[in-house]
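This one's a predicted model, so the numbers in the text were calculated from it and none came from an experiment. Naming: A, B, ... by sequence-line order, numbering from 1 per chain.
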Amino acid sequence: MTLYHVIFHIDEEEKWPLLLGNVKNLLKENMAIEIEVLANAVAVSDYQLEPFIDQMRNLSQQGVQFVACQNALNAQHIVKNDLPAFVSVVPAGVAELVKKQSSGYAYIKP
Amino acid sequence: MTLYHVIFHIDEEEKWPLLLGNVKNLLKENMAIEIEVLANAVAVSDYQLEPFIDQMRNLSQQGVQFVACQNALNAQHIVKNDLPAFVSVVPAGVAELVKKQSSGYAYIKP
Amino acid sequence: MTLYHVIFHIDEEEKWPLLLGNVKNLLKENMAIEIEVLANAVAVSDYQLEPFIDQMRNLSQQGVQFVACQNALNAQHIVKNDLPAFVSVVPAGVAELVKKQSSGYAYIKP
């Protein structure tokens with residue numbers, strides 16, 4: 001079975017419900033797939049918002065990687081310790097988007 | 001001549017005029033290209049809207065593939081028979097976006 | 001060191017500050033990278049707007065390519081001579097997005 005890879009990009013807070021729905025739909029498919037969600041700009045602030053955190057934690061337990069951009073966290077005055085443990089941090093979200101696509105990830109911007 | 005492939009992604013109704021203009025511009029180029037338009041979320045509802053349908057039908061007659069996400073159709077209470085015959089349906093729009101990029105399609109989100 | 005390539009796509013005027021911030025963050029990373037910014041639709045009109053031009057000129061001096069879509073310039077009644085010298089023009093922005101991704105560029109839509 002082909003192993004697929006995808007990185008979802010979000011930089012607008014209002015797109016979180018659509019993005020989380022997209023990820024849920026993707027997990028229901030009979031595909032071998034690695035899913036990363038990369039948030040930068042103001043969208044990182046929702047890593048602190050209930051009820052998003054509950055949905056994200058549930059998805060992370062199904063293998064979805066949630067990632068925040070350090071530049072964005074700095075701009076929003078958020079420190080890593082303020083984030084749920086399942087969220088990892090990269091120095092620059094845009095560099096992550098480039099590197100992952102360069103290694104074969106598809107890109108989706110809901 | 002290189003054969004190019006592209007999948008356009010739309011999940012917002014208000015982006016249809018821009019997307020259809022993008023596709024028309026692309027068809028005017030001297031390129032061998034396969035073009036797919038993948039609509040999910042609320043954007044699938046415009047597959048029922050005149051005058052978009054006339055423009056889409058014209059583009060489909062030039063080889064453009066118009067595709068709707070079944071999950072989105074369900075959420076909008078639209079059944080396949082309500083759609084123009086030139087629109088095809090896939091189980092999950094996001095899976096289609098991943099698979100097509102994995103097989104070499106470029107991605108454009110107007 | 002891997003040489004990365006990325007094309008940023010912008011078709012909305014209000015996304016310029018976010019896009020320019022993305023590009024600045026990317027340049028701060030320790031990566032070998034070629035960066036192109038492709039503007040189409042109404043977003044081309046900001047190639048005439050101070051203070052964006054100053055920021056863009058500074059980035060262009062660091063190697064970032066700024067590109068405008070001729071179809072969009074026509075629609076906005078802008079001629080190439082109205083643009084800063086560092087902006088280049090392609091016949092169709094969407095064709096540029098397809099060709100660059102086909103040659104290995106990552107795609108980012110802020």
Legend entry - Segment of A:Leu26 engaging chain B (4.5 angstrom heavy-atom cut-off): both
Atom pairs (donor, acceptor) spanning chain B and chain A, under 3.5 Å:
from, atom 1, to, atom 2, distance (Å)
B:Gln101, OE1, A:Tyr107, N, 3.0
B:Gln101, NE2, A:Tyr107, O, 2.8
B:Tyr107, OH, A:Lys109, N, 3.0
B:Lys109, NZ, A:Lys109, O, 2.7

Legend entry - Residues which pass side-chain contact (heavy atoms from CB on, under 4.5 Å) with A:Ala32, listed by chain and number, not counting sequence neighbours: A:Met1, A:Leu3
